[in-house]
Amino acid sequence: MYATLLLDLDHTIFDTDASEKAAFEQTMLTAGVPEAAALFPAYQRINLALWAAVERGELLPGAIRNQRFERFVVECELDADPERMADDYVAGLGAFGDLYDGARPVLEQLSARASLALVTNGLGEVQRSRIARLGLDGFFDAVAISAELGTAKPDRGIFDFVFESLGSPPLDTAVMVGDNLSADIAGGANYGIATCWYNPNGRTAEPAHVIDHEIDDLQSLLALVVD
Ligand SMILES: [Mg+2]
């Protein structure tokens with residue numbers, strides 16, 4: 001049983017796939033680039049590779065904003081302004097997408113029973129827009145966004161910020177919940193707190209990952225917190 005929950009945002013409580021798809025379509029439309037759907041896999045590959053570099057500590061999270069479109073424009077040989085694309089895309093990511101079905105009532109119940117922190121590897125301008133638009137502020141006692149802090153999961157720095165913000169609760173009362181093994185699970189385990197893998201699609205984890213709890217729906221989180 002835990003009194004402190006650290007929650008990931010993207011692909012854990014928020015439908016990031018829908019948000020990215022809508023933002024990308026809008027961005028390509030504005031740039032006059034046809035066949036957005038055919039180009040989306042190239043964008044996704046570039047974006048994932050850059051976030052992996054952030055997780056390894058090789059790139060500052062904020063650098064991703066423009067770099068992914070600079071690479072995308074070159075790789076796809078597009079006659080378009082990558083900075084303008086990056087601006088439009090970031091605006092779209094903030095404006096599109098919703099919480100997963102059932103996430104809001106779980107957040108309501110969790111926040112009434114435990115101390116909650118949102119811990120996200122993302123851009124401040126994107127995540128702050130989503131938090132405001134979806135009214136998430138009231139659920140969380142702390143919000144940690146990697147690009148604002150210059151440190152990203154699995155690095156200890158972002159966890160230090162969270163624990164300081166929450167008034168330094170004991171580590172053994174806390175659990176990190178998220179879908180991403182290399183960021184959420186490795187980050188929580190490295191920091192010395194429990195981990196809960198949100199794995200709705202039945203993926204298999206490498207045995208090296210320290211997974212204390214595994215859930216396939218958010219409702220199961222209620223069983224992890226003190227009643
Ligand atoms: Mg995630």
Side-chain angles (χ1 to χ4, degrees), residues 1-26 89-149 152-153 158-159 161-163 165-167 169 173-181 183-185 187-188 193-203 211-227:
M1 297 294 246
Y2 304 97
T4 304
L5 259 78
L6 281 62
L7 264 181
D8 172 49
L9 179 75
D10 287 293
H11 296 117
T12 296
I13 58 171
F14 182 77
D15 189 349
T16 308
D17 288 339
S19 177
E20 287 185 339
K21 191 166 172 287
F24 189 80
E25 278 170 12
Q26 172 109 333
Y89 188 65
V90 155
L93 288 178
F96 301 120
D98 211 337
L99 294 179
Y100 286 129
D101 279 347
R104 187 175 296 276
V106 170
L107 288 173
E108 281 166 4
Q109 293 177 70
L110 287 174
S111 65
R113 286 156 57 174
S115 177
L116 287 194
L118 189 68
V119 190
T120 167
N121 282 1
L123 302 175
E125 54 193 319
V126 171
Q127 305 301 46
R128 295 284 172 196
S129 299
R130 290 171 173 171
I131 290 165
R133 178 170 59 84
L134 300 169
L136 300 182
D137 247 336
F139 296 130
F140 294 100
D141 303 290
V143 172
I145 302 174
S146 65
E148 291 181 347
L149 299 167
K153 297 175 287 186
I158 192 165
F159 291 92
F161 174 84
V162 169
F163 276 79
S165 302
L166 294 176
T173 64
V175 59
M176 175 71 220
V177 181
D179 68 295
N180 188 305
L181 291 165
D184 302 314
I185 301 305
I193 61 175
T195 60
C196 175
W197 188 29
Y198 175 57
N199 182 24
N201 300 316
R203 289 159 54 210
I211 300 166
D212 297 301
H213 308 276
E214 183 175 337
I215 58 170
D216 60 9
D217 77 83
L218 295 172
Q219 190 77 25
S220 304
L221 288 175
L222 297 171
L224 292 184
V225 299
V226 185
D227 207 345

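Scope of the values below: all heavy atoms of this structure, side chains included, with no hydrogens, waters or symmetry mates.
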Considering all heavy atoms, the nearest [X]-[Y] contact:
X	Y	result
Ile158	Ala152	CG2-C, 4.0 Å
Leu149	Ala144	CD1-CB, 3.8 Å
Phe139	Gly135	CE1-O, 4.1 Å
Ala117	Leu166	CB-CD1, 4.2 Å
Ala174	Ile193	O-CB, 3.7 Å
Tyr100	Thr12	CD1-O, 3.4 Å

For a 4.5 angstrom cut-off between non-hydrogen side-chain atoms, does [X] reach [Y]?
X	Y	value
Leu93	Glu125	no
Arg130	Leu136	no
Ile211	Asn199	no
Val143	Gln127	no
Phe159	Lys153	yes
Phe140	Leu7	yes
Asp15	Asp98	no
Tyr2	His213	yes

Carboxylate-amine/guanidinium contact Arg104 Glu108, below 4.0 Å: no
Residues which pass side chain to side chain contact (heavy atoms under 4.5 Å, CB included) with Val225, listed by chain and number, not counting sequence neighbours: Leu5, Leu110, Arg113, Ala114
Qualifying residues under side chain to side chain contact (heavy atoms under 4.5 Å, CB included), relative to Asp217, sequence neighbours excluded: Gln219, Ser220
Nearest 0.5 angstrom please: [X] [atom1] to [Y] [atom2], how far?
X	Y	atom1	atom2	result
Leu218	Gln109	CG	CD	12.0 Å
Ile145	Arg128	CD1	CZ	4.0 Å
Leu118	Leu9	CG	CG	5.0 Å

Would a distance-only check, ignoring hydrogens and angles, find a side-chain to backbone donor-acceptor pair under 3.5 Å from [X] to [Y]?
X	Y	answer
Ser19	Phe96	yes
Thr120	Asp8	no
Asp184	Asp179	yes
Asp141	Leu116	yes
Arg133	Gly97	yes
Asp10	Thr16	no

Tyr89 and Glu20: CA distance, side-chain angles, deciding distance, side-chain contact (heavy atoms from CB on, under 4.5 Å) verdict: CA-CA 8 Å; Tyr89 188 65; Glu20 287 185 339; 3.5 Å; yes
Among Asp212, Leu6, Leu221, side chain to side chain contact (heavy atoms under 4.5 Å, CB included) partner for Cys196: Leu221
Trace of the side-chain contact (heavy atoms from CB on, under 4.5 Å) decision for Leu99 with Leu107: CA-CA 10 Å; Leu99 294 179; Leu107 288 173; 4.3 Å; yes
